[in-house]
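All values reported here derive from a predicted model rather than from experimental measurement. Reminder, nothing fancy here: chain letters follow the sequence lines and each chain counts from 1.
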Amino acid sequence: MPNSLISRLVSPSLRSQPSKISALRFLTTVSAAERLYGQLQGCTSNLEKELASANVQLDSSCINEVLRRCDPNQFQSGLRFFIWAGTLSSHRHSAYMYTKACDILKIRAKPDLIKYVIESYRKEECFVNVKTMRIVLTLCNQANLADEALWVLRKFPEFNVCADTVAYNLVIRLFADKGDLNIADMLIKEMDCVGLYPDVITYTSMINGYCNAGKIDEAWRLAKEMSKHDCVLNTVTYSRILEGVCKSGDMERALELLAEMEKEDGGGLISPNAVTYTLVIQAFCEKRRVEEALLVLDRMGNRGCMPNRVTACVLIQGVLENDEDVKALSKLIDKLVKLGGVSLSECFSSATVSLIRMKRWEEAEKIFRLMLVRGVRPDGLACSHVFRELCLLERYLDCFLLYQEIEKKDVKSTIDSDIHAVLLLGLCQQGNSWEAAKLAKSMLDKKMRLKVSHVEKIIEALKKTGDEDLMSRFSTD
DNA sequence: ATAGGGTTAG
């Protein structure tokens with residue numbers, strides 16, 4: 001039994017020996033987290049002061065460790081710890097960490113946790129400032145909790161904290177995105193009463209909300225109102241309205257607006273950018289009016305605005321869905337690449353992915369192979385899609401050959417470990433021992449982590465082939 | 001505060 005293979009392929013959580021460097025880092029993280037978690041557990045009152053006395057250099061992995069140690073009955077302390085950590089000047093939570101905290105503390109499922117924590121601040125007369133409240137609001141934002149965010153906003157006065165435009169903007173955006181425009185509108189009016197002014201961000205959120213609700217007139221009304229508060233309509237806000245008009249289906253009006261944006265007398269403040277053009281292109285493609293989408297691309301190029309990956313993706317899919325011939329596609333790709341901003345690799349990869357999504361596998365394979373022949377490096381997503389398809393078709397050997405070729409090209413990609421596992425398993429089952437061994441070695445080199453279930457299956461498959469040579473290859477390496 | 005198809009690492 002090739003024990004070394006099992007132990008090396010299994011997930012790290014089940015492995016006993018991480019590498020030396022990560023082990024060292026792991027230990028320092030653990031000891032800091034241990035101390036903080038200890039404070040958190042033994043604390044009877046004023047948690048924040050206790051935490052500060054631990055005098056620990058915080059980083060995200062340490063914060064993560066502390067949160068992970070919390071039992072569900074400690075989630076309140078956990079949340080207080082997270083909020084406290086965010087208020088430190090030496091540390092700033094990333095968006096990722098906010099999401100992570102919401103996840104670990106199950107805030108989406110139990111949003112009342114936020115309320116309990118705010119109440120405990122009040123009961124224990126903890127020091128709370130704008131920063132504290134902003135962190136709580138950001139959490140609500142990550143968890144998409146509009147009602148709780150509003151509740152928090154209402155608690156500001158109890159701590160003698162004044163809500164600022166940033167706080168209002170956050171809550172307004174949550175309600176606008178939810179489509180609850182009445183509450184969002186009420187909050188804007190309220191800002192006025194407390195001496196705050198809506199800014200471009202406030203207006204953009206509202207306009208976006210109105211557009212999503214199909215209320216373009218309301219969006220325009222707000223856009224006109226902006227100047228009253230010294231806010232100037234900019235490209236982003238205008239593009240939002242344009243997007244709304246596109247969604248409403250009035251493409252002629254959309255083109256008029258685009259022309260309006262292109263006029264020079266706006267001082268360039270609303271001049272369309274790649275996103276603006278892409279929105280219009282996308283709308284035309286969705287309506288199967290690809291010729292007009294292509295005209296917008298030309299228009300974009302004439303103004304020196306470069307298409308990007310999204311523009312390319314949308315147009316390529318549009319052309320393919322329109323059942324155009326290969327010539328139309330290559331003409332488009334040539335044009336995109338010539339305009340700059342997008343590479344041949346991105347275009348071909350995008351075409352491959354689109355075709356696979358459209359279940360036009362033969363064409364996808366042809367284009368993928370063409371890419372390799374022409375020395376163009378496919379991206380990770382395209383590789384993953386092609387490999388998955390080949391495995392589904394049980395063409396494991398073909399897949400392995402392609403895999404080897406891609407390896408040589410040094411694709412900076414993330415081909416799932418799952419696909420690797422399925423391929424390895426397939427090669428074993430079809431008796432391609434030499435190839436299986438080679439793939440396994442490459443996986444080991446990559447320090448790839450596999451699910452235990454996959455490893456078990458692979459070992460099982462190996463037993464069936466009874467290939468002693470293969471066994472020895474696995475176990476010696 | 002910007003669209004989308006899996007980017008990184010946190």
- For the side chain of N169(A) and the base of dA1(B), is some donor closer than 3.5 Å to an acceptor across the two? no
- Message: I'd like to know if S384(A) reaches the base of dG6(B) with its side chain such that a donor and an acceptor end up less than 3.5 angstrom apart.
- Response: yes
- Item | 4.5 Å side-chain heavy-atom contact, V342(A) and C347(A) | yes
When you get a sec, tell me which of [options] is the closest nucleotide to the side chain of [X]?
X	options	answer
R357(A)	dA3(B), dG5(B), dA1(B)	dG5(B)
V200(A)	dG5(B), dA3(B), dA1(B)	dA1(B)
I201(A)	dG6(B), dG4(B), dA1(B)	dA1(B)
L381(A)	dT2(B), dG5(B), dA3(B)	dG5(B)

Nearest-Å distance for atom pair [atom1]/[atom2], residues [X] and [N]:
X	N	atom1	atom2	value
N308(A)	dG5(B)	CG	P	13 Å
Y96(A)	dA9(B)	OH	C1'	8 Å
L242(A)	dA3(B)	CG	C1'	12 Å
N64(A)	dA9(B)	CG	P	15 Å
I419(A)	dG6(B)	CD1	P	14 Å
R309(A)	dT7(B)	CZ	P	9 Å
L315(A)	dA3(B)	CG	P	18 Å
E286(A)	dA3(B)	CD	C1'	11 Å

- Query: With H420(A), which of F400(A), Y403(A), Y396(A) fulfils ring-ring contact (aromatic ring centres under 6.0 Å, His included)?
  - Reply: Y403(A)
- Heavy-atom neighbours of M251(A) CE exceed 12 at 6.0 Å: yes
- Message: Using a 6.0 Å cut-off, check whether atom NZ of K178(A) has over 12 heavy atoms from anything other than its own residue.
- Response: yes
- Query: dG5(B): syn or anti, with syn meaning chi within 90° of zero?
  - Reply: anti
- Message: So S350(A), base contact, sugar-phosphate only, or nothing? Heavy-atom distance under 4.0 Å.
- Response: base
- Query: Is V353(A) touching bases, backbone alone, or none of the nucleic acid, heavy atoms closer than 4.0 Å?
  - Reply: nothing
- Check whether any side-chain nitrogen or oxygen of R240(A) sits under 4.0 Å from OP1 or OP2 of dA1(B), and answer yes or no. no
- Taking only N and O in the side chain of R173(A), is any of them less than 4.0 Å away from OP1 or OP2 of dT2(B)? yes
- Query: Where along residues 217-237 of chain A does a heavy atom fall under 4.0 Å from DNA chain B?
  - Reply: N234(A), T235(A), V236(A)
- Decide whether N273(A) and T276(A) meet the rule of one side-chain donor and one side-chain acceptor closer than 3.5 Å. yes
- Message: Test of understanding: with salt bridge (charged side-chain N to carboxylate O under 4.0 Å, His left out), list the residues that count as partners of D185(A), not counting sequence neighbours.
- Response: K189(A)
- K110(A): partners by salt bridge (charged side-chain N to carboxylate O under 4.0 Å, His left out), with sequence neighbours left out: none
- Message: Please give the distance between the P atoms of dG5(B) and dA1(B) as a whole number of Å.
- Response: 22 Å
- Message: Using the side-chain contact (heavy atoms from CB on, under 4.5 Å) definition, which of the options V337(A), L294(A), V290(A) pairs with L332(A)?
- Response: L294(A)
- Note on the structure: Residue pair S239(A)/S94(A) against DNA chain B: nearer the 5' end by closest nucleotide is S239(A)
- Item | Closest-nucleotide ordering on DNA chain B, the 5'-leading residue of M97(A) and S349(A) | S349(A)
